[in-house]
Amino acid sequence: MGAVLDVAISTLLSPIILFFALGMFAALLRSQMSVPEAFAKGLAIYLMMAIGLKGGVEMSKNPLTMDVMLVLLAGVVLSFLIPLIAFVLLRLTTKLDQTNAAATAAHYGSISIVTFVAATEAVRLSGLDAGGHLVAVAALMETPAIITALFLASRGAGKRDEPVAGSEQGELIREVFLNASIVVLVGALAIGWIAGEEGTASIQPFFVGLFQGVLCLFLLDMGLSAGRGLRQGWRQLTAAIVGFGLYMPLLSAVIAAGAAYLLGMPPGDAALLITLTASASYIAVPAAMRLALPEAKPSIYLTLSLGVTFPFNVTIGIPIYIYLALLINGQG
Amino acid sequence: MGAVLDVAISTLLSPIILFFALGMFAALLRSQMSVPEAFAKGLAIYLMMAIGLKGGVEMSKNPLTMDVMLVLLAGVVLSFLIPLIAFVLLRLTTKLDQTNAAATAAHYGSISIVTFVAATEAVRLSGLDAGGHLVAVAALMETPAIITALFLASRGAGKRDEPVAGSEQGELIREVFLNASIVVLVGALAIGWIAGEEGTASIQPFFVGLFQGVLCLFLLDMGLSAGRGLRQGWRQLTAAIVGFGLYMPLLSAVIAAGAAYLLGMPPGDAALLITLTASASYIAVPAAMRLALPEAKPSIYLTLSLGVTFPFNVTIGIPIYIYLALLINGQG
Amino acid sequence: MGAVLDVAISTLLSPIILFFALGMFAALLRSQMSVPEAFAKGLAIYLMMAIGLKGGVEMSKNPLTMDVMLVLLAGVVLSFLIPLIAFVLLRLTTKLDQTNAAATAAHYGSISIVTFVAATEAVRLSGLDAGGHLVAVAALMETPAIITALFLASRGAGKRDEPVAGSEQGELIREVFLNASIVVLVGALAIGWIAGEEGTASIQPFFVGLFQGVLCLFLLDMGLSAGRGLRQGWRQLTAAIVGFGLYMPLLSAVIAAGAAYLLGMPPGDAALLITLTASASYIAVPAAMRLALPEAKPSIYLTLSLGVTFPFNVTIGIPIYIYLALLINGQG
Amino acid sequence: MTKYLRIELIIERMAHKRACRVLEAAGMTGYTVFPAMAGYGGSKRWSRDTDISASGDMVSIVSIGDEAKVRDTMDEIANLLGAHIGIVTLTEVEVMRPGRF
Amino acid sequence: MTKYLRIELIIERMAHKRACRVLEAAGMTGYTVFPAMAGYGGSKRWSRDTDISASGDMVSIVSIGDEAKVRDTMDEIANLLGAHIGIVTLTEVEVMRPGRF
Amino acid sequence: MTKYLRIELIIERMAHKRACRVLEAAGMTGYTVFPAMAGYGGSKRWSRDTDISASGDMVSIVSIGDEAKVRDTMDEIANLLGAHIGIVTLTEVEVMRPGRF
Ligand SMILES: Nc1ncnc2c1ncn2[C@@H]1O[C@H](COP(=O)(O)O)[C@@H](O)[C@H]1O
Ligand SMILES: Nc1ncnc2c1ncn2[C@@H]1O[C@H](COP(=O)(O)O)[C@@H](O)[C@H]1O
Ligand SMILES: Nc1ncnc2c1ncn2[C@@H]1O[C@H](COP(=O)(O)O)[C@@H](O)[C@H]1O
Ligand code: NA
Ligand code: NA
Ligand code: NA
């Protein structure tokens with residue numbers, strides 16, 4: 001427990017989280033500063049390449065075992081499943097209508113790559129190890145939640161039958177399965193796997209050496225986004241909705257911990273699977289929702305995911321998830 | 001003296017200054033090349049994060065002494081004071097009206113972070129040391145000059161009484177005290193201070209290792225901006241105005257040297273305080289002036305600050321300022 | 001021969017090429033992902049600075065010999081000459097009209113810096129050495145081809161006599177001789193030469209350490225561009241045109257190999273000269289053509305150069321060019 | 001005399017390809033898309049540089065065509081805007097080289 | 001029949017929030033802001049990518065509303081443009097879904 | 001009463017300086033250039049972020065002036081568009097502060 005507290009404190013005082021706090025603070029004080037969108041998007045691509053490569057290189061060191069395959073499968077199942085639970089809870093405890101509840105649920109079934117990265121750091125600081133295949137799990141968990149949400153939103157009568165004008169066969173599928181983060185994560189994972197440690201040696205200074213620093217810059221921007229979203233959108237959030245943004249990750253975490261326990265995952269891997277399940281999307285899913293459920297309100301699902309759940313996860317959540325992972329391994 | 005000449009020459013031949021010269025040269029030859037604004041702005045944020053972190057880490061090594069506090073105070077006083085002198089000189093020697101003179105004066109009271117960074121390099125090359133708190137001085141010196149200038153501009157009769165339509169209580173204050181460079185400099189300084197050397201070790205490759213290189217890229221862009229500004233704006237500058245852009249930094253430098261002497265500052269610190277005082281703003285103050293004194297002409301104050309004073313400072317000025325700093329320490 | 005095959009394979013499996021393939025693959029699958037233009041353009045400037053500096057530093061180590069001068073001259077002559085051959089072949093084998101044939105020919109006479117960089121890597125992997133002056137050759141080879149093409153396009157009757165409205169004396173010359181890549185390449189080369197190894201030591205972590213990694217990111221973007229161009233433009237390309245895009249580089253390579261043989265160039269240098277001659281422009285020349293020959297169709301020349309020749313060169317071409325270079329040195 | 005209209009369609013960036021397909025399908029000869037950087041509507045503000053998800057981003061699609069074709073296009077556009085947020089205006093314009101529309 | 005007008009206000013980027021506040025205060029239902037990249041006026045040129053201070057940048061604010069509301073807004077806009085550089089045009093437009101303005 | 005026209009010229013980015021020079025030479029008091037991000041014409045699509053050569057990029061140049069001056073400008077613009085791709089529209093607008101045009 002003491003060790004977990006140490007992790008919690010060193011997480012909170014790490015420059016990455018401090019820059020996030022700086023951004024959030026500046027936005028709440030209504031500073032006009034911003035990171036240009038093109039630059040931030042470039043950094044996001046860098047981060048995903050780096051994560052993918054790292055995972056791929058690590059995976060290239062060990063053969064693909066049945067255990068690994070089961071973890072991948074567990075991730076997919078969790079991503080399909082969590083939105084169901086989230087949807088039911090939202091409908092019972094908040095006043096959100098079917099569409100908004102489904103759209104919000106999709107966010108919680110999908111994942112946040114930055115939360116994943118922050119957890120990777122915390123896991124390392126805790127002296128634990130995690131396998132490269134968790135990056136593959138992350139990529140796999142992005143989309144199933146969207147499918148569940150679309151199913152939930154379309155249930156019941158009165159739904160639009162004819163497609164929206166101009167919509168095209170396959171456009172949603174392309175958006176969902178071939179969005180930047182999946183293409184880059186999976187592609188870089190494969191490249192890391194093929195090229196291996198030796199083949200990627202010459203690009204390590206860029207992708208490994210700079211990773212932490214770039215993350216600081218990116219989190220400054222995320223803090224600005226989250227703070228501004230919160231300042232502008234908090235009126236749309238009732239107490240019940242905010243509550244959901246705080247207890248849902250914990251609930252997801254417990255479910256994921258159960259799965260990790262059943263699969264006998266080592267603590268590092270388990271901590272990352274739990275974090276992925278507990279994290280909520282704020283890039284890929286909002287984009288997909290604009291196409292698939294345009295009548296759902298971004299000011300609800302985005303404010304909640306980026307302004308409430310993300311800050312909660314990277315500060316308080318991750319130490320809890322590591323603790324859970326130790327617990328199921330009898331080391332809590 | 002010989003040592004100073006050496007510094008002067010190695011300053012002039014450092015890649016940083018050579019890239020600035022390249023940009024200026026290309027712009028004067030009317031090359032169409034440009035660095036995309038979003039990319040340059042991203043690099044500027046990086047540079048300020050790096051400077052702030054470095055200062056903060058250094059400050060974390062020593063306790064905050066009374067001496068440090070006095071230097072901070074001296075910076076603030078100089079920033080308040082210099083615009084008064086600049087304003088009087090501009091009104092006496094040029095034909096600028098009250099508003100334009102006040103706006104221009106604000107630029108010379110505030111500071112240029114890139115000039116500061118170039119001086120930091122030159123100080124290091126001269127074998128001197130400088131304290132991290134000079135970064136805090138830089139942040140503190142950005143804004144007082146703006147306040148003085150607004151006061152100068154609003155004196156006298158016939159000034160607008162009712163506020164501009166759409167202007168909002170506090171918008172100027174936010175712009176002035178919470179602009180990107182202050183938020184990032186002060187924030188990163190605090191983060192460096194809190195996290196210390198150990199806490200920032202993992203982000204050093206990004207923020208320390210790359211600093212000089214990024215600076216080259218940024219100065220290429222500054223050269224392009226300065227050259228293009230000069231080419232398009234030189235017609236607006238009379239000889240008297242250009243003269244001001246060259247002697248004002250020297251005058252400021254002498255005043256700052258006096259302050260540094262009174263405070264007994266070591267040569268490295270003194271050189272940086274002198275440079276800050278001698279430098280002129282070209283990002284933060286122009287932005288504030290567009291809001292506060294929209295009738296003042298950017299083609300005057302910006303061309304002068306970016307096209308005349310900045311090149312003067314980074315080439316000839318800095319070696320002189322180091323020499324002054326050695327002089328007041330009896331080492332000239 | 002075995003060694004060449006090894007190079008071919010390690011070229012094909014290097015992360016740089018794999019990222020290019022990833023981008024191309026994603027684009028062909030119609031993924032919506034993209035690298036923001038401002039970010040990609042910033043990276044391009046970085047890459048050219050890095051290449052120029054490296055070449056300049058290497059050149060600073062040896063005196064400028066007559067041999068070097070002759071290689072520079074050979075590059076210029078090849079760039080003037082190749083478009084003539086390309087033009088004749090295009091007119092004979094395809095249905096392109098005079099203007100489109102001339103515009104396309106210009107691309108093949110000029111060079112691709114990224115192909116050059118990829119060849120530099122492959123040369124290094126083959127255990128060969130190459131001189132820094134090849135960077136100067138690259139810069140010199142960019143423009144002569146454009147002049148030849150303009151001459152070819154303007155031959156014959158019925159050509160526009162009066163200039164296009166708004167066109168300005170010298171605008172084309174500035175675009176052609178002072179475009180970003182020439183300014184940055186030549187400027188950085190000069191700076192590297194002046195500052196030398198010692199003077200550039202502090203910027204090496206940025207410009208040398210990161211180079212390979214940045215290249216991966218840039219090639220991901222190039223793959224996306226090439227793939228998308230191909231997907232949208234392939235209908236404009238007849239088999240004869242595609243054929244030209246594949247045999248023309250080989251023909252250019254053989255001619256350049258002849259020149260290299262006559263000049264007695266060592267294998268590393270020869271491989272790079274051959275690659276430059278075989279490579280085709282996709283940034284500088286298209287821009288110049290929009291100004292000088294606006295009636296030529298980008299969907300032809302750009303799709304061919306970026307979608308056909310570039311992928312051919314970086315995968316299959318480069319190993320062949322290295323083999324040719326060994327051959328003329330009696331080591332094939 | 002043929003009358004020409006300029007369609008200006010301000011729509012979510014994520015949905016703009018749908019609008020583009022509608023315009024193409026209706027036989028408009030061309031259109032041009034411009035990125036917006038900020039906006040306000042329904043008492044909410046958005047700004048490109050401060051929203052990491054970019055889900056609030058809008059673009060403006062400008063397309064010029066003759067009246068008949070533009071009027072035809074409007075039905076499908078209305079269908080599209082039933083699902084998405086956005087506004088459309090039509091302005092009468094004079095064109096050069098009318099033959100090309 | 002209600003007439004609808006499209007306001008196009010080209011103004012300094014630094015001052016655009018003031019204009020936005022004016023529009024909001026006047027009860028316009030929405031507006032959209034577009035970044036300009038270059039321009040010319042008063043015999044001076046500016047260009048976004050070549051001015052590091054960004055102090056010359058302009059933006060265009062487009063806002064559609066019914067005539068009455070737009071006319072009301074113009075007084076305050078005039079006050080704003082007394083202090084800032086910028087130009088305003090009003091164009092008569094046809095709107096779809098008039099109810100929303 | 002003087003009539004004011006708004007020129008909107010959608011033209012290739014590479015050629016936009018030529019258009020700007022034409023406008024300046026014709027005595028227009030100002031213009032503003034906006035970057036486009038995508039478009040369609042001649043059954044080809046282009047998109048800024050996906051074309052590394054940027055040779056397909058278009059911009060929109062907006063310039064407001066009185067009718068006489070705008071009409072004068074059109075001849076030279078026609079000459080320019082003989083060589084380059086692009087479209088021009090003229091719209092009648094109401095201006096504030098007419099003195100400045
Ligand atoms: N009257 C209007 N004029 C111009 N743009 C508008 C207007 N109303 C809405 N918009 C744009 O459309 C977006 C969505 O508006 P709304 O549909 O009202 O939520 C806003 O953020 C604006 O960018
Ligand atoms: N007649 C005009 N048409 C379009 N934009 C203009 C016009 N006049 C001025 N502008 C824009 O407003 C800016 C400032 O112009 P000025 O107020 O004349 O200094 C210029 O740089 C242009 O971007
Ligand atoms: N009718 C139109 N309305 C708006 N923009 C157009 C139109 N036609 C062409 N464009 C723009 O001009 C570019 C070139 O078109 P084109 O000259 O038809 O090849 C297109 O990619 C569009 O950006
Ligand atoms: Na989740
Ligand atoms: Na100063
Ligand atoms: Na070539």
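Since the model is a prediction, treat every value here as computed from it, not as a measurement. Proteins get letters first, then strands, A, B, ... in listed order; numbering begins at 1 in each.
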### Query
F:Val93 versus E:Glu8: any side-chain heavy-atom pair under 4.5 Å?
no
### Query
Can you say whether E:Leu81 sits under 4.5 Å from chain F via the side chain, the backbone, both, or neither, judging by heavy atoms?
both
### Query
Heavy-atom distance under 4.5 Å to chain E: side chain of F:Tyr4, backbone, both or neither?
neither
### Closest contact, heavy atoms only, F:Phe34 versus E:Phe34
CE2-O, 4.1 Å
### Query
Between E:Ala78, E:Gly42, E:Ser43, E:Gly86, which has the largest tally of heavy atom pairs under 4.5 Å with chain F?
E:Gly86
#### Entry: Nearest heavy atoms of F:Glu92 and E:Thr91, plus distance in Å
O-CG2, 3.7 Å
### Query
CD1 of E:Ile87 to OG1 of F:Thr32: how many Å apart, nearest 0.5 Å?
5.5 Å
### Message
Heavy-atom count check: over 12 atoms from other residues, nucleotides or ligands less than 6.0 Å from F:Arg45 CZ?
### Response
no
### Task
Grab the two heavy atoms, one from E:Met37 and one from F:Pro35, that are nearest each other, plus how far apart they are.
SD-CB, 3.7 Å
### Summary
One should read off an interatomic distance between F:Met96 CE and E:Asp75 CG, to the nearest 0.5 angstrom, of 8.0 Å
### Structural part of E:Ser47 lying under 4.5 Å from a heavy atom of chain F
neither
### Message
When you compare the side chain of F:Glu94 with that of E:Met74, does any pair of heavy atoms fall below 4.5 Å?
### Response
no
